[in-house]
Number of protein chains: 2
Amino acid sequence: MSTSRVSTPRGAGRPRRVTIADIADRAGVTAAAVSLAVNGRPGVSDATRARIMDIARELDWEPSPAARALTGAPVLAVGMVLARPAEVLGNEAFFGAFVAGLQEVLSTEDYSLQMKIVESTEAEIETYRRWFGQRRVDGVVMVDLRQDDPRVPALEKLGQPALVIGGPGHHGSLPAVYVDDAVATTLLVDHLVGLGHRRIARVAGTAEFFHTAQRDRAFLDRCEELGATGVLQDAGYGAQGAAAATEGLLAEEDAPSAIIFDSDEMALAGSQVLLENGIRIPQQMAVASYEDSALARTHRPAITAIGRSAVQYGRVAATRLLEIIDADRRRPLPDAAQAATGEVRAIDPQLIVRASTAGADAG
Amino acid sequence: MSTSRVSTPRGAGRPRRVTIADIADRAGVTAAAVSLAVNGRPGVSDATRARIMDIARELDWEPSPAARALTGAPVLAVGMVLARPAEVLGNEAFFGAFVAGLQEVLSTEDYSLQMKIVESTEAEIETYRRWFGQRRVDGVVMVDLRQDDPRVPALEKLGQPALVIGGPGHHGSLPAVYVDDAVATTLLVDHLVGLGHRRIARVAGTAEFFHTAQRDRAFLDRCEELGATGVLQDAGYGAQGAAAATEGLLAEEDAPSAIIFDSDEMALAGSQVLLENGIRIPQQMAVASYEDSALARTHRPAITAIGRSAVQYGRVAATRLLEIIDADRRRPLPDAAQAATGEVRAIDPQLIVRASTAGADAG
DNA sequence: CTGAAAGCGCTTACAG
DNA sequence: CTGAAAGCGCTTACAG
């Protein structure tokens, strides 16, 4: 009976939890000594430390995060706010994979991820304020970067660990992690031009997000550099828009011989339209996507895509944020350290060539 | 300058946070009075309460969750452990949507969701132990219910708020929320038989999960009841398996005229195989899925599916878990209340008929 | 290397 | 209706 020593608490409801005082009692030392021992800090002899650790294990002691947080220790949580409806999130393969990647790394450091869904950008900023004000999180990840994003100055002002997902640019002095869309675009266009395509379309998602504009520019620039014609086709959000955009392209008198879609979902929707219209992929139309996924991989024909693994993206983001939090804790001078952590990190995109473009008989 | 009164703390690092003591000072009352006031408890006059609230707002006071937790208040967090690799999670549309639904409801109650990815069932159980031991969470959601799941007795023994996602059955005395797969199966089979199909295949996912076996049984039973022939085809996990299974079915001498897939991802992969083989949907083969999604909706032809919205599922689960946590806090006698909360709740599935089965010329 | 004390921010009885 | 005190579980100086 390991519980023999636990006296019945008043109220007799839940069992009283074991604390460092219990351990100290047993070990015949003071609670302070236990604290030093279990935290691996100097101040107790090796023998005492060993004895204390044994007792702690024996009593099944678990440190109280609340008590620790109260004395200024990290709360071991990072936050992420999403200003989009749950329905939209659910439809996006990227979200689940990104979160999974974040979790994977955070878990190993015993950090938890806290998420909140809000209605507006104002509510998002207010959430950051409250989270940091209450010391609910040690840092935050900010997603869906927009142009002239009001969240950036708000987070700068808070002066707390925050990592922007997206860029480069528009993230002010905040550290950021992003996939280099310019490089990704170059990879895609070069590949298609190399196959002989001279008229290439880009079916673009919501213009609101920063990367959309960035891809637009890089796409047009690169096409021009290579002497090809770039056709921009706005599609708005999701599969519906992509299908309509594809139909629009087919209706043109001078239709392209290759289409690059902004996401796997859009590429699949577009491919369906092509199939319906009796257009063979890749023989009559090459198809590529900025986003890879299991669906892109198993589709027939499999879709050529940029291998920005959302899972990997999440892992890199989590690693980076933990670094920032760590730097923040040991910062000697607030501003110097802050500046040092404000660096960006790019994730290199890779082109994964598959059947949807391979061997295309372009032009 | 609302900060005029804040004295510079030692160390001059972070600004000292404002506490109820600051408010008490200003209001000329004691900290206890402030506590009563801000928590809406009796014990202070209306006038005093109003004055205190004003000052709290003025000083931008935020309660410290750590301090509150230390005195026994709920920590406002629920946990979910996932014993699957991040990659697998990322590929599954269900995960992101379910989490989004959970979040949506939890956020409104100021609860946060804590997730952890682990390697094994043992690690999962250990995580529950630590979470509750440390009072890191007020309750947990358990997903991926299996037959004779060792997590069920482990959670029963912990005696803390826990909700099982899945069932019915195999969740012991724990409360559960599940989609009635038997009903879903009936809806699907009845629909197909009603269209004239007499030989119907079911392409099933991983046998490990509880619902797979449940669907198998319900499928065979219902086919028999209606005088149709049910063909079971195991596919293992994901799109790859579904494609192979579909090819297997086509190769049979007596191929079915309709296929029901376990997920949207599998249905899409299977449909691709059908298209490749020149088989028209729904004219030559009807296709249906146990799982709806944006992809199933926008696919051409759109896939008939069971409308268990994963988002909605998440919402129901969160609501239920919050009820359980609440009941647990006010429980008069540990066991009586525990029993009262141990009820299950089914989410009614709906059949959404789309082009992939409509107007099929069966048999 | 060890002990005694004060404090983190809040809540909860218990007196007045 | 209000005040003073003790306590939640831990950590951090500061003496010995």
Side-chain angles (χ1 to χ4, degrees), chain A residues 6-7 9-11 13-52 56 59-76 132-136 329, chain B residues 6-7 9-11 13-52 56 59-76 132-136 329:
Chain A
V6 176
S7 61
R10 70 185 99 159
R14 315 196 166 265
R16 198 173 68 82
R17 65 178 296 156
V18 9
T19 72
I20 56 171
D22 299 320
I23 301 174
D25 266 17
R26 278 246 206 161
V29 296
T30 174
V34 175
S35 175
L36 295 178
V38 298
N39 288 301
R41 253 181 269 265
V44 283
S45 67
D46 286 357
T48 310
R49 184 187 306 276
R51 192 156 40 92
I52 288 172
L59 295 182
D60 259 345
W61 173 77
E62 294 284 355
S64 158
R68 282 188 166 165
L70 207 51
T71 69
V75 294
L76 299 184
F132 284 121
Q134 300 185 165
R135 284 208 63 223
R136 264 198 176 279
R329 295 200 68 74
Chain B
V6 176
S7 61
R10 70 187 97 161
R14 315 196 167 266
R16 197 174 67 81
R17 66 177 296 156
V18 10
T19 71
I20 55 170
D22 299 319
I23 301 174
D25 266 17
R26 278 248 206 160
V29 297
T30 175
V34 175
S35 174
L36 295 177
V38 298
N39 288 300
R41 253 182 271 266
V44 281
S45 67
D46 286 357
T48 311
R49 183 187 307 275
R51 192 154 42 92
I52 289 173
L59 295 182
D60 260 343
W61 173 76
E62 294 284 355
S64 158
R68 283 188 165 166
L70 207 50
T71 67
V75 294
L76 299 184
F132 284 121
Q134 300 185 162
R135 284 208 64 219
R136 263 197 175 282
R329 294 198 68 73

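Per chain, numbering begins at 1; letters A, B, ... match sequence-line order. Computed over heavy atoms, backbone and side chain alike; hydrogens, waters and symmetry mates excluded.
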*Taking only the side-chain heavy atoms of A:Ile20 (C-beta and beyond), determine which of C:dG3, D:dT11, D:dG3 contains the nearest atom.*
D:dT11
*Grab the two heavy atoms, one from B:Ala24 and one from B:Ala31, that are nearest each other, plus how far apart they are.*
CB-N, 3.6 Å
*CZ of A:Arg136 versus P of C:dG9: gap in Å, rounded?*
16 Å
*Atom CZ of B:Arg329 to atom C1' of C:dT11: distance rounded to whole Å?*
13 Å
*For DNA chain C, the residues among residues 34-50 of chain A that have a non-hydrogen atom under 4.0 Å from it*: A:Gly43, A:Val44, A:Ser45, A:Thr48
*D:dG9 C1' sits how many Å from A:Leu59 CG, rounded?*
15 Å
*List in chain and number order the residues that pass side chain to side chain contact (heavy atoms under 4.5 Å, CB included) with A:Ile23, two or more places apart in sequence or in another chain; answer none if no residue qualifies.*
A:Val34, A:Ile52, A:Ile55, A:Ala56, A:Leu59, A:Trp61
_Spatial distance of atom CD (B:Gln134) from atom CZ (A:Arg17) [nearest 0.5 Å]_ = 7.5 Å
*Is there a residue in residues 62-69 of chain B whose heavy atoms reach under 4.0 Å of DNA chain D, and which residues are they?*
none
*Atom-pair distance (CG on A:Leu70; P on C:dC8), nearest Å*: 9 Å
*Given atom CD of B:Gln134 and atom C1' of D:dC8, what is their separation to the nearest angstrom?*
16 Å
_Candidate nucleotides C:dC10, C:dA5, D:dA5, ranked by approach to the side chain of B:Ala32 - the nearest_ = D:dA5
*List DNA chain C stems (3 or more consecutive Watson-Crick/G-U pairs, under 3.5 Å)?*
C:1-3 with D:14-16, C:5-12 with D:5-12, C:14-16 with D:1-3
_Set of side chain to side chain contact (heavy atoms under 4.5 Å, CB included) partners for B:Ala67, sequence neighbours left out_ = A:Leu70, B:Ser64
*Atom pair CD1 (A:Ile20) and CG (A:Asp25), whose distance is rounded to the nearest 0.5 Å*: 11.0 Å
*Do A:Arg136 side-chain atoms and B:Pro65 backbone N/O form a donor-acceptor pair below 3.5 Å?*
no
Return a table of donor-acceptor pairs under 3.5 angstrom between the side chains of residues 35-46 of chain A and protein atoms on other chains or two or more places apart.
residue : atom : partner : partner atom : Å
A:Asn39 : OD1  : A:Arg68 : NH2          : 3.2
A:Asn39 : ND2  : A:Ser35 : O            : 2.8
A:Ser45 : OG   : A:Thr48 : N            : 3.2
A:Ser45 : OG   : A:Thr48 : OG1          : 2.6

*For B:Thr30 and for A:Thr19, locate the closest nucleotide of DNA chain D by heavy-atom distance; then report the residue assigned to the nucleotide nearer the 5' terminus.*
B:Thr30
*asked:* Rounded to whole Å, how long is the line connecting atom CZ of B:Arg17 with atom P of C:dG9?
replied: 6 Å
*asked:* Could you tell me how far apart B:Ile23 (CD1) and D:dT2 (C1') are, to the nearest whole angstrom?
replied: 17 Å
